[in-house]
Structures are given as C-alpha cells and as structure tokens.
Amino acid sequence: MYKYMIKRLLMLIPVIIGVTFIVFFILNLSPGDPAAIILGDQATAEALAMKREELGLNDPLLIRYGRYLVRMLHGDLGTSYKNSLSVWDQVISRFPNTAMLAVAAILVALAIGIPVGIISAKNQYSALDNISMVTALIGVSMPSFWMGLLLVIVFALKLGWLPSQGMGQGLAPLLKSLVLPAVTLGTSAAATITRMTRSSMLEVIRQDYIDTARAKGVSEKIITYRHMLKNAMIPIITAVGLQFGTLLGGAMLTETVFSWPGLGRLMVEAIKSKDIPLVLGSVIFLAVMFTVVNLAVDIVYAFVDPRIKSQYKRK
C-alpha cells in the first residue's frame, strides 16, 4: 500500500509540470497586457515599460516558464500582480471556504443520490424509476449557475428565507448562507451519483447470491444494504470521488453567483485581471488536491473490497 501511495504521489510531478505548462502559455499568449491592467488606461508608455521590466514580461516565454518552475520547486508560487501579496497565502486563505462548500455539496449529493438510486434500481422500469432517471438527466444537463439563480429568486428574493450572497459570520448565519450554494452544487452531483448507484445496483441484483439470500429468508433490508449496496460500492465510490474532486476545483460559477469567498471566485478575479501567478498557483493547488482525492478513493477501495487490498500487497 505504501509503495503504491508513493508511486501515485511521484506521478503527480509530471501532472503538475504539464498543467503549469499549458496554463502558463495559454495565459501569456491570450490578449491583454498585465502591466496595462495593473496600471490602468491612464498609464504612460514609460510607466508601462518599467512595469513590464519589473514583472519580467520582456523575457522570452520559455525563460519565464523555466524561472517559474525553479521558484515553484523551492516552494515559491510567486507574488500576485494585482495586490503584490503572496500567492500561497491567498490560496491557503480561500481554500477552506471552497472545501467547506464542497463537503456540504457532496453530503447533499449523497443524501439524494444513493437512496434515490437504490429505490430506482429496486423498482426498475416502474413509473418511479422513469421519473427519477428523467430528473437525474435534467440535473446533469442543468447549468449550475442557472440552478443557483433559480434558488436565489425563490428562497432569497421571494420567500426571504435564506441569504443570497456572501458567507455569514457565526455558526447559524454561516449555515444559512451555505444552504443555497451547497444545494446548487449538490443537486448536479446527486444526478450523477443517482445514475451510477442505479447502474451498480442493477448489476448486483442479478447475481445468484442475492437469490440465495432471499431463499434463506434473509430480510429485504439486510439484503439491500449488506449484500447489494456493499458489493455495488466500488463504482459509487469512484463517482463520489470524482464529483468531490470536481467540486473542489469546479465551483467557480457557483461561488461567483453567490459571492462565496472561495478559491474558484479568486481564480475568476485573477483571470479577469490576467494575474498569471495567482491563476497558476490556484491551478497547481487544485491539481494537487484532485490527485490527493483520487488517491484517497483508491485507498478506500482496499477497505471496501479485500481483493483490492491483496492486489496492493502483491504490488
């Protein structure tokens, strides 16, 4: 297991290099001058030239990229163009808010997706199954920002039950402000988890040992949760892990709609101002987090299925 974990962590190095290479060149080759964005429209040509020299923008792209990699290997993600603050400090200060939102969203997704998937699988081709699958398809297809705007209109503007923007201070205000963005992200993830749970459960339901358990008089509740769900967990865990990793890095639109002070919103602001170091630092951090989540999912496999644990031992 430890050898496998070390191998996976070492594989993170080429992933980070590839991600930084692509993002660095896309940002630098896209239209817009960071010096002009920082100094504004009224800046003189001399001031712009001095700012470009200060930021190192006059050097060739490959030299700038190599310089960035060297600093990154020393643990330095650079300084923001916009506010001259440490990129690492800004990313670390925002990530807990994004992680909180992602955890709340995945809990919503699990609370909806797994029970609905189980019920749908056990009532295959029924009206309930058809309704749940159509709803899941709508949930997968629905843009998160559109869902968020609908929730704001209904629960914030019309009913006035929940705040529409920001992150409340204190436990009760925080939980209230977390509801709408968590439901917005969670419903989309729930649709994917529902479909995966249904598919996995249908494969297990047809196995001979399920018929044997019923023939022995085992209660349907025990059959469902101890035999069916337990043996269908591997694909479900995979779906949950992928959804959680996506929620950590893909909440930009939702955080923008709800003015949630997370890492996704920070990246949107950095992209608008072409703050290359801040965008790169955020992308690197999220790439690492996504890889860690996938590694955690692989480790959970070993606890769910002993056969996978024995494979790790042989490796």
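Note that the structure is predicted; figures quoted are calculated from it, not measured. Every heavy atom of this structure was used, including side-chain atoms; hydrogens, water molecules and symmetry mates were not.
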Run Thr194 and Arg198 through side-chain contact (heavy atoms from CB on, under 4.5 Å) and show every step you take.
CA-CA 6 Å; Thr194 298; Arg198 177 183 182 273; 5.5 Å; no
Are [X] and [Y] joined in one hydrophobic group, where the rule is that I, L, V, M, F, W and Y side chains link up if heavy atoms are under 4.5 Å apart?
X      : Y      : answer
Ile237 : Val116 : no
Leu162 : Trp146 : yes
Met201 : Ile210 : yes
Tyr225 : Ile114 : yes
Val103 : Leu185 : yes

Closest non-hydrogen atom pair, [X] against [Y]:
X      : Y      : answer
Asn97  : Ser93  : ND2-O, 4.2 Å
Ser177 : Pro181 : O-CD, 3.3 Å
Pro277 : Tyr68  : O-OH, 4.4 Å
Trp260 : Leu178 : CH2-CD1, 3.5 Å
Gly281 : Val87  : CA-CG1, 3.8 Å
Tyr125 : Asn130 : O-ND2, 4.0 Å

Between [X] and [Y], is any pair of side-chain heavy atoms under 4.5 Å apart?
X      : Y      : result
Val15  : Val19  : yes
Met147 : Ser188 : no
Phe25  : Thr20  : no
Gln90  : Asn83  : yes
Asp89  : Leu85  : no
Asp59  : Arg67  : yes

Within the side chain of [X], is there an N or O that forms a donor-acceptor pair under 3.5 Å with the backbone of [Y]?
X      : Y      : value
Glu255 : Arg265 : yes
Thr291 : Ala287 : yes
Thr98  : Leu263 : yes
Ser200 : Thr197 : no
Asp76  : Met72  : no

Count the heavy atoms belonging to other residues, nucleotides or ligands that lie under 6.0 Å from CD of Glu220, then report whether that count exceeds 12.
yes
Atom OH of Tyr209 with >12 non-hydrogen neighbours under 6.0 angstrom:
yes
Rounded at 0.5 Å granularity, tell me how far [atom1] in [X] sits from [atom2] in [Y].
X      : Y      : atom1 : atom2 : result
Ile223 : Asp211 : CD1   : CG    : 9.0 Å
Ile22  : Ile17  : CD1   : CD1   : 12.0 Å
Leu149 : Leu180 : CG    : CG    : 11.0 Å
Ile112 : Ser132 : CD1   : OG    : 12.5 Å
Met228 : Ile222 : CE    : CD1   : 12.5 Å
Gln243 : Met196 : CD    : CE    : 9.5 Å

Between Lys122 and Asp129, does at least one N-O distance fall below 4.0 Å, as a salt bridge requires?
no
Full working for side-chain contact (heavy atoms from CB on, under 4.5 Å) between Val91 and Leu77:
CA-CA 10 Å; Val91 170; Leu77 295 180; 5.5 Å; no
Please work out which of the three classes, parallel, tilted or perpendicular, describes the rings of Tyr65 and Phe24, given edges at 30° and 60°.
tilted
The test is side chain to side chain donor-acceptor pair (under 3.5 Å); show your working for Asn231 and Gln207 and say whether it passes.
CA-CA 10 Å; Asn231 287 284; Gln207 299 299 318; over 6 Å; no
Should Leu229 and Ile236 be marked as a side-chain contact (heavy atoms from CB on, under 4.5 Å) after you check the CA-CA gap, both sets of side-chain angles, and the distance that decides it?
CA-CA 9 Å; Leu229 184 59; Ile236 298 172; 4.0 Å; yes
Trace of the side-chain contact (heavy atoms from CB on, under 4.5 Å) decision for Trp161 with Val179
CA-CA 11 Å; Trp161 292 351; Val179 171; over 6 Å; no
